[in-house]
Amino acid sequence: MEKEKVILIGAGLCGLYTAFLLQKKGIEVLILEANILIGGRIKTISGTTGVTMEMGATWFGNQHSHLLEVLHTLDLPYFRQYTQGISLFETMSFVPPQKFEISDSEEPSFRIEGGTATIIKKLVSEIGIQHIKTQTKIVSIKEEKNQLILTNSSGNSYLANKVISTIPPNLLVNSVVFEPRLPENFTQLAKKTHTWMGESIKFAVEYKTPFWKQNHYSGTLFSQASIIQEMYDHSTADNSGFALKGFLNAGTAVLSLKERKEKVIAQLTTFFGPEANEYVAYYENVWRDETLTFQPYEQFVLAHQNNGHSLFKIPLLNGKLYVSGAETATKNPGYMDGAIFAAKTIASQF
């Protein structure tokens, strides 16, 4: 058995930044991640043309001061989301979309240069990959004397003085068996806590040219009637790669990838003309299918429900188990800024 000072469950933004802060305090850490990939709900993919596309966390604004501070500390540049030109708003399928322009004076949103995953890569290099174990899904946590024993799905055990879980609360209580059992009020709260991104279907269409910009369109689209509900230009910061990216109607999770793709291309062709059909590739991520992120709720849960709840602040198992993550943040829960704030909040208690 390996003996570690603090074990973190989940190598998403919150888990990685918590480890980064604890290491700065001289605390030994080990991060256990169930997935093959590191990054949690930050998922940047690269197309054949070199364009990076975000299947997970993407945008942030000037109000996200905790994230901005980290980007400055890690020396990671970011750029303003492109919104110039004609934007579209479709209210009904049988009526042409309304055209409008987004004012330059509107509060901007930003994206990280090179893709959101650059913050993950930077934190991993700072922490050291040797302190992160992937494909390590924790299935039980047992309190024994003044320590916790964590066992993974392969039967390997890890010993820790303190454990910090940064995975969504609903996933935690549904995928890990605790001995002794966690308080019932906590378990019920966790089951009724909204998992950010859980219902989202993100998509991107890669193109060789930004034909929408050339035709004076911003790439911004809102629809209450078609499969694409929200979409934006997703060109790279240096304008060397081009894509359109956004969210699909969550109800279309029941369709096949092929069916969704056909509907997306049809909608884009209707709005932007035949050039929209000359795409390089179509990509999507149905987050409700990501079993290491999303756990179906036992009853209906609203967006943001119980995010930042005060009960998440209280350590469990005699002060040895801390529950953190973007959902627990009292500021901007669910967002990258919330993940950073949650990490700061927990790290300050060590």
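Keep in mind the model is a prediction, meaning the values are calculated, not measured. The analysis underlying the following values was restricted to heavy atoms, covering all of them including side chains, and did not include hydrogens, waters or symmetry mates.
In this structure, Glu33 contributes its side chain and Ala11 its backbone to a donor-acceptor pair below 3.5 Å. Under a 3.5 Å cut-off, the side chain of Asn306 and the backbone N or O of His194 do not form any donor-acceptor pair. A distance-only check finds a donor-acceptor pair linking the side chain of Arg260 to the backbone of Thr252 [under 3.5 Å].
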Run the numbers on Lys261 and Tyr279 for side-chain contact (heavy atoms from CB on, under 4.5 Å), then give the verdict.
CA-CA 11 Å; Lys261 175 183 172 180; Tyr279 58 94; 3.0 Å; yes

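When hydrophobic residues (I, L, V, M, F, W, Y) are linked wherever their side-chain heavy atoms come within less than 4.5 Å, the members clustered with Tyr283 are Ile45, Val51, Met53, Met55.
Note: Phe272 and Tyr217 meet the aromatic proximity criterion, with ring centroids under 6.0 Å apart. Here Phe242 and Tyr207 keep their ring centres 6.0 angstrom or further from each other. For Trp196 and Tyr335, the ring centers are positioned less than 6.0 Å apart. For an aromatic pair to be called close, the ring centres must be under 6.0 Å apart, and Phe203 with Phe247 fails this.
Shortest non-hydrogen contact noted between Glu143 and Asn318 is OE2-ND2, 2.7 Å.
The aromatic rings of Phe350 and Tyr322 sit tilted relative to each other, their planes meeting at an angle between 30° and 60°.
In this structure Phe312 satisfies the ring-ring contact (aromatic ring centres under 6.0 Å, His included) test together with Phe186, sequence neighbours excluded. Remark: Glu298 engages Lys191 in a salt bridge (Lys or Arg N to Asp or Glu O under 4.0 Å) (not counting sequence neighbours).
A salt bridge is defined here as a Lys NZ or Arg NE, NH1 or NH2 lying under 4.0 Å from an Asp or Glu carboxylate O, and Glu275 with Lys208 fails to meet this definition. Between Lys121 and Glu126 there is no salt bridge, since no side-chain N of the basic residue sits under 4.0 Å from a carboxylate O of the acidic one. Salt-bridge check for Glu54 with Lys245: failed, with every basic side-chain N at 4.0 Å or more from each acidic carboxylate O.
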